[in-house]
Amino acid sequence: MSGLPRFVFRGRTAVVTGAASGIGEQVAHALARRGTNLVLLDRDAERLRAVASEVRFLNADVEVGTIVVDLADAERLAVVAEGVRATHPQVHLLVNNAGVALAGMFQQTALEEFEWVVDINLRAPIRLTHHLLPALVAARNAHVVNVSSIFGIIAPPGQTAYSTSKFGLRGFSEALRSELRPQGIGVTTVHPGGIRTAIARNARAASGVREEDVAAGRETFDRMLRIPPERAAELILRAIERRRARLLIGASARIPDLAARLAPVGHSLAFRPILARATLRSSSGDSSGAEVHTPQEGTDLPRPVGPPQR
């Protein structure tokens, strides 16, 4: 129990990142149905406009603002946050949902690719939370949600950059929770399992991995994605309302979490056969022509690099 009062959604203001699709889109809809005014952030301008238009059409009584921003751009993000504070001196809810992934073993991953993942998955939530903290403190009983992953609890091969960022986000969230609770601010860390999004179909890989080695992993991940994103969004809002510290979504998150707690080292051996089929094999092929792909945001399990941020 957090000891904090239940979160009230109606008439409040929420900032949601990665709002153009996936969990972020569904969180926006679920918040609007509860009467929450929205500030939606994403890099994909076209999709963001479409989501905002639909939310407005279905919920005429709420205000919906949109901001197009690449979360990897620290300077631009600071300017955006300043504008949000000027328009909304009180921010009651911050949902750091946006994220990216880059599948590939550590030796297959260029440093700039690794840093790009960390920039968006870890540094961007830290920066945005820091920039908006005065507005969160000014609001009574505010709340912060950081969407980590089951790979912020277990760390499979082929997801070194992603797991690094999501473990870091988990640590940041837990320390932040202890610090902000005396000020009436709650923090929820979300660890989704297999949420049904387009991440498997849009899979890309690090520059050291051949495209033909991606297919098996994409197909396996696609079979693991069973939970509708709207269901995930409802569970997240329920956790916010109840001020829960941590939320595991789906058996695909709960079972690995239990295994990690029961066998902190040995669990990796038990899951390795499954994860090995869903991650990328080492490749000896020449990848000198590979590109650093643009981000995709707002999904749940590791997001292979592909379409623009959501």
Side-chain angles (χ1 to χ4, degrees), residues 1-42 48 51-67 81 84-85 87-98 125 128-129 131-148 173 176-177 180-192 195 227-249 297-298 300 310:
M1 297 295 292
S2 68
L4 299 174
R6 287 205 170 201
F7 188 86
V8 176
F9 293 99
R10 184 161 297 279
R12 301 293 186 90
T13 297
V15 175
V16 182
T17 69
S21 58
I23 292 178
E25 176 183 1
Q26 295 304 321
V27 165
H29 278 287
L31 285 170
R33 287 195 297 268
R34 288 163 171 80
T36 307
N37 299 313
L38 301 173
V39 180
L40 306 179
L41 276 60
D42 206 284
L48 187 61
V51 169
S53 295
E54 184 177 8
V55 171
R56 292 188 188 104
F57 176 77
L58 295 173
N59 307 274
D61 59 332
V62 302
E63 297 178 4
V64 183
T66 61
I67 302 175
V84 171
R85 291 200 315 271
T87 307
H88 304 280
Q90 294 185 355
V91 171
H92 303 89
L93 176 62
L94 170 60
V95 181
N96 288 307
N97 163 73
L128 189 56
T129 304
H131 293 321
L132 294 182
L133 191 55
L136 290 163
V137 172
R140 297 187 59 185
N141 302 319
H143 202 86
V144 177
V145 175
N146 290 325
V147 179
S148 179
S173 302
L176 190 69
R177 183 181 306 117
L180 295 184
R181 184 183 177 280
Q183 301 179 67
I185 301 175
V187 178
T188 298
T189 312
V190 180
H191 296 279
I195 313 300
I227 304 169
E230 55 268 29
R231 171 62 175 164
E234 287 295 331
L235 291 173
I236 290 171
L237 265 63
R238 189 181 305 172
I240 295 169
E241 183 179 22
R242 298 176 181 180
R243 304 299 195 118
R244 291 182 56 182
R246 189 172 78 146
L247 173 64
L248 299 166
I249 301 179
E297 297 190 19
D300 36 87
R310 301 188 304 162

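Sequential numbering from 1 along the given sequence is applied to the chain's residues. Side-chain atoms are counted along with the backbone in the values below, which use heavy atoms only and exclude waters and symmetry mates. Remember, predicted model here, so these are calculated numbers, not experimental data.
- Remark: Asn96 CG to Ser148 OG distance equals 11.5 Å, nearest 0.5 Å.
- Leu237 is listed as a side-chain neighbour of Val27, based on a closest heavy-atom distance under 4.5 Å.
- For Arg56, the side chain to side chain contact (heavy atoms under 4.5 Å, CB included) partners at least two apart in sequence or on another chain are Ala52, Ser53, Val64, Thr66.
- Checking side-chain atoms of Thr17 against main-chain N and O of Ala98 turns up a donor-acceptor pair under 3.5 Å.
- In this structure, CG in Leu133 is found 7.0 Å from CD in Gln183, a value given to the nearest 0.5 Å.
- Atom CD of Glu63 has 12 or fewer neighbouring heavy atoms from other residues, nucleotides or ligands inside a 6.0 Å radius.
- Side-chain contact between Ile236 and Ile23 is present, with heavy atoms from C-beta onward closer than 4.5 Å.
- Inter-residue side-chain proximity for Thr13 and Leu93 is flagged as unmet; no heavy-atom pair is nearer than 4.5 Å.
- Side-chain contact between Thr189 and Arg177 is present, with at least one heavy-atom pair separated by less than 4.5 Å.
- The shortest non-hydrogen separation linking His143 to Val187 is CE1-N, 3.8 Å.
- Remark: the backbone N or O of Val147 is not paired with any side-chain donor or acceptor of Asn97 at under 3.5 angstrom.
- Around the CZ atom of Arg231, the shell of radius 6.0 Å holds no more than 12 heavy atoms that belong to other residues, nucleotides or ligands.
- A 4.5 Å side-chain heavy-atom check between Arg140 and His92 finds every atom pair outside the cut-off.
- Contacts of Glu234 classified as side chain to side chain contact (heavy atoms under 4.5 Å, CB included), with partners at least two apart in sequence or in another chain: Ala30, Arg33, Arg34.
- The nearest pair of heavy atoms linking Val51 to Ala19 is CG1-O, 3.6 Å.
- Scored by the side chain to side chain contact (heavy atoms under 4.5 Å, CB included) test, Arg244 finds Ala239, Arg242, Leu247 as partners (sequence neighbours excluded).
- One finds the CD atom of Gln26 at 11.0 Å from the CG atom of Leu31 (value rounded to the nearest 0.5 Å).
- With rounding to the nearest 0.5 Å, the separation of CG in Leu180 from CG in Leu136 is 8.0 Å.
- The shortest side-chain heavy-atom distance between Val190 and Asn146 does not fall under the 4.5 Å cut-off.
- Looking at Val137 and Ile185, their side chains come closer than 4.5 Å, going by heavy atoms from C-beta outward.
- The backbone N or O of Gly3 lies less than 3.5 Å from no partner atom in the side chain of Arg243, so there is not a single donor-acceptor pair.
- In this structure, the side chain to side chain contact (heavy atoms under 4.5 Å, CB included) partners of Val8, at least two apart in sequence or on a different chain, are Arg12.
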Residues Leu4, Asn141; criterion side chain to side chain contact (heavy atoms under 4.5 Å, CB included); working and verdict
CA-CA 8 Å; Leu4 299 174; Asn141 302 319; 5.6 Å; no

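- Every residue two or more places apart in sequence or in another chain that forms a salt bridge (charged side-chain N to carboxylate O under 4.0 Å, His left out) with Arg246 is listed here: Asp257.
- Screening residues 3-24 for ring pair (Phe, Tyr, Trp, His ring centres under 6.0 Å) gives Phe7-Phe9 as the qualifying pairs, with residues at least two apart or on separate chains.
- Of the possible donor and acceptor atoms, none in the side chain of Thr36 sits under 3.5 Å from a partner among the backbone N and O of Ala32.
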